[in-house]
There are 2 protein chains.
Amino acid sequence: MDCTVQNAGMQTGRPLEFDPQLALDAAMGVFWQRGFEATSLSDLLAAMGLSKSSFYNAFGSKQQLFEACLVRFRGRHVERMREMLRSAASALAFVREMLLTNAREAREPGPRRGCLIMNTATEFAGRDAAVAACVADAARDFAGVFRTAIEMAREHGEIPREADPEVLARYLLTTMAGLRTMVKAGLPADELEKVVEVAMGALH
Amino acid sequence: MDCTVQNAGMQTGRPLEFDPQLALDAAMGVFWQRGFEATSLSDLLAAMGLSKSSFYNAFGSKQQLFEACLVRFRGRHVERMREMLRSAASALAFVREMLLTNAREAREPGPRRGCLIMNTATEFAGRDAAVAACVADAARDFAGVFRTAIEMAREHGEIPREADPEVLARYLLTTMAGLRTMVKAGLPADELEKVVEVAMGALH
DNA sequence: GGTTAAATGGACCGTACGGTCCAAAAATGG
DNA sequence: CCATTTTTGGACCGTACGGTCCATTTAACC
């Protein structure tokens with residue numbers, strides 16, 4: 001990130017040999033799967049394909065990299081949510097699909113990663129203010145998309161007019177976080193899908 | 001634990017100088033607050049007031065101690081839930097109170113610990129089978145109490161007769177986990193209390 | 001008070017951690 | 001092909017990790 005900015009202005013000399021964005025993605029994957037504490041520097045170097053020097057040149061420190069990953073994750077997933085909302089048959093259909101997507105991680109074969117933001121809220125947010133801020137920002141963004149969906153649903157009469165979009169949005173975010181936790185706790189996907197239907201019942 | 005069992009049979013020689021249960025409680029507190037990875041052996045020794053030798057004599061290893069803490073936490077909190085249910089004005093009142101208790105952690109001044117079981121599900125359960133089993137067992141117990149409450153509520157006509165207690169119980173557990181995550185993410189208590197009311201709406 | 005069994009403090013183990021530093025290599029612009 | 005600028009690998013830093021070991025102390029039983 002730093003280096004990108006530096007090089008943007010005027011560069012002579014050897015250009016970067018790796019793609020910082022790609023390296024960031026790789027790092028994000030590791031953090032996502034293992035969390036901050038359990039991820040060692042070597043884990044990161046291996047995943048990113050960097051030497052230690054390049055790593056510190058480009059990303060500063062483990063924690064700075066982590067924060068960059070949080071920001072990247074947030075941006076990417078908020079965008080994905082917005083796309084889902086745009087292409088959904090209805091606002092409520094989007095909400096259901098969103099929750100189901102979370103529940104269905106339990107069906108995937110590999111390890112359960114959950115959501116990087118929620119994982120971080122649980123593991124790390126209490127100990128570092130900067131990280132806590134990243135998490136809070138991301139949570140606000142996610143809730144914002146839900147809020148938009150709720151407002152749309154209200155316009156279309158899918159949910160009662162007196163519903164409070166802000167509260168319902170936070171409720172949906174809460175449910176999402178809960179689903180991810182239950183996936184990690186080992187509940188099977190089909191039971192979580194039933195839970196989603198119950199959760200949807202709170203909207204009308 | 002080991003030593004307790006050993007000593008139970010027939011002991012001559014010096015008796016234990018610390019209370020294993022108390023030490024276990026102290027360790028649980030540290031793990032609860034910081035998680036497994038972020039808790040160092042010295043943290044544990046300081047909190048438990050033990051020397052390294054006594055620690056390993058009595059508890060085997062950091063991870064064995066952690067699993068013992070999980071079991072203890074589970075037992076204690078399931079019992080606490082059962083008590084709450086017993087002394088509640090109604091089954092639904094218990095459910096509401098339970099969720100509100102989780103939401104209100106956001107109002108407490110100190111650091112947010114969440115629920116040791118949920119924290120562990122998020123941080124650690126994916127990496128160790130024994131720990132995952134502890135988490136799954138605890139989740140089943142918690143859900144069991146909710147299930148009992150739902151069945152009682154159904155008997156008393158507080159919720160529709162056609163409700164599925166098993167699914168609703170899992171829904172409540174999911175909501176609980178979500179609330180704890182949102183507390184850690186920094187949402188204020190009064191907003192989470194509104195979320196609880198929305199969540200209760202899914203029961204009827 | 002001797003014997004015995006267990007707990008105790010503290011030295012010690014190798015390893016891995018996150019992070020720094022530097023000399024050498026390499027790719028661009030002129 | 002030279003000069004410049006940056007990357008690069010790898011040596012190196014001190015620290016802390018989780019865990020082992022042992023000589024000593026301690027308390028209970030006879």
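A note on names: the letters A, B, ... follow the listed sequences, proteins ahead of strands, and every chain is numbered from 1. What's counted below: heavy atoms across the whole structure, side chains too, no hydrogens, waters or symmetry copies.
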Contact check, residues 45-53 of chain B vs DNA chain C, heavy-atom distance under 4.0 Å, returns B:Ser51, B:Ser53

Using residues 192-204 of chain A as the side-chain source, report each donor-acceptor pair under 3.5 Å to any protein atom, sequence neighbours left out, with the distance given to one decimal.
| unit_1 | atom_1 | unit_2 | atom_2 | d |
| --- | --- | --- | --- | --- |
| A:Glu193 | OE2 | A:Arg104 | NE | 3.2 |
| A:Glu193 | OE2 | A:Arg107 | NH1 | 2.8 |
| A:Glu193 | OE2 | A:Arg107 | NH2 | 3.3 |
| A:Glu197 | OE1 | A:Arg96 | NE | 3.3 |
| A:Glu197 | OE1 | A:Arg96 | NH2 | 3.1 |
| A:Glu197 | OE2 | A:Arg96 | NE | 3.1 |
| A:His204 | NE2 | A:Gly201 | O | 2.9 |

From CG of A:Asn57 across to P of D:dT5 the rounded distance in Å is 16 Å

Salt bridge (Lys or Arg N to Asp or Glu O under 4.0 Å) pairs touching residues 27-56 of chain B, sequence neighbours excluded, are B:Arg34-B:Asp43, B:Glu37-B:Arg127

A:Tyr56 atom OH is separated from C:dC22 atom C1', nearest whole Å, by 17 Å

In whole angstroms, the gap separating C1' of C:dG19 from CG of A:Leu65 amounts to 14 Å

Only distances under 3.5 Å count here; give the side-chain donor-acceptor pairs of residues 139-146 of chain B to other protein atoms, sequence neighbours excluded, each with its distance to 0.1 Å.
| unit_1 | atom_1 | unit_2 | atom_2 | d |
| --- | --- | --- | --- | --- |
| B:Asp141 | OD2 | B:Arg74 | NE | 2.8 |
| B:Asp141 | OD2 | B:Arg74 | NH2 | 3.2 |

| Regarding A:Arg72 and A:Gln21, is there a side-chain donor-to-acceptor distance under 3.5 Å anywhere? | yes

Set out, line by line, the N/O atom pairs under 3.5 Å between protein and nucleotides 13-17 of chain D.
| unit_1 | atom_1 | unit_2 | atom_2 | d |
| --- | --- | --- | --- | --- |
| D:dC17 | OP1 | B:Ser40 | OG | 3.0 |
| D:dC17 | OP2 | B:Ser42 | OG | 3.1 |

Counting only side-chain N and O atoms of B:Ser54, is one of them less than 4.0 Å from OP1 or OP2 of C:dT8? yes

* Asked: Parallel, tilted or perpendicular: which describes the rings of B:His77 and B:Trp32, with under 30° parallel and over 60° perpendicular?
  -> perpendicular

For B:Lys62 and B:Thr39, indicate whether the former's side chain and the latter's backbone hold a donor-acceptor pair under 3.5 Å.
yes

side-chain contact (heavy atoms from CB on, under 4.5 Å) filter on B:Ala185, not counting sequence neighbours, yields A:Ala121, A:Val135

- Message: Tell me if a side-chain donor or acceptor on B:Thr101 pairs with a main-chain N or O of B:Glu97 at a distance below 3.5 Å.
- Response: yes

When rounded to whole Å, the CZ to P distance for the pair B:Phe55 and C:dG10 reads 18 Å

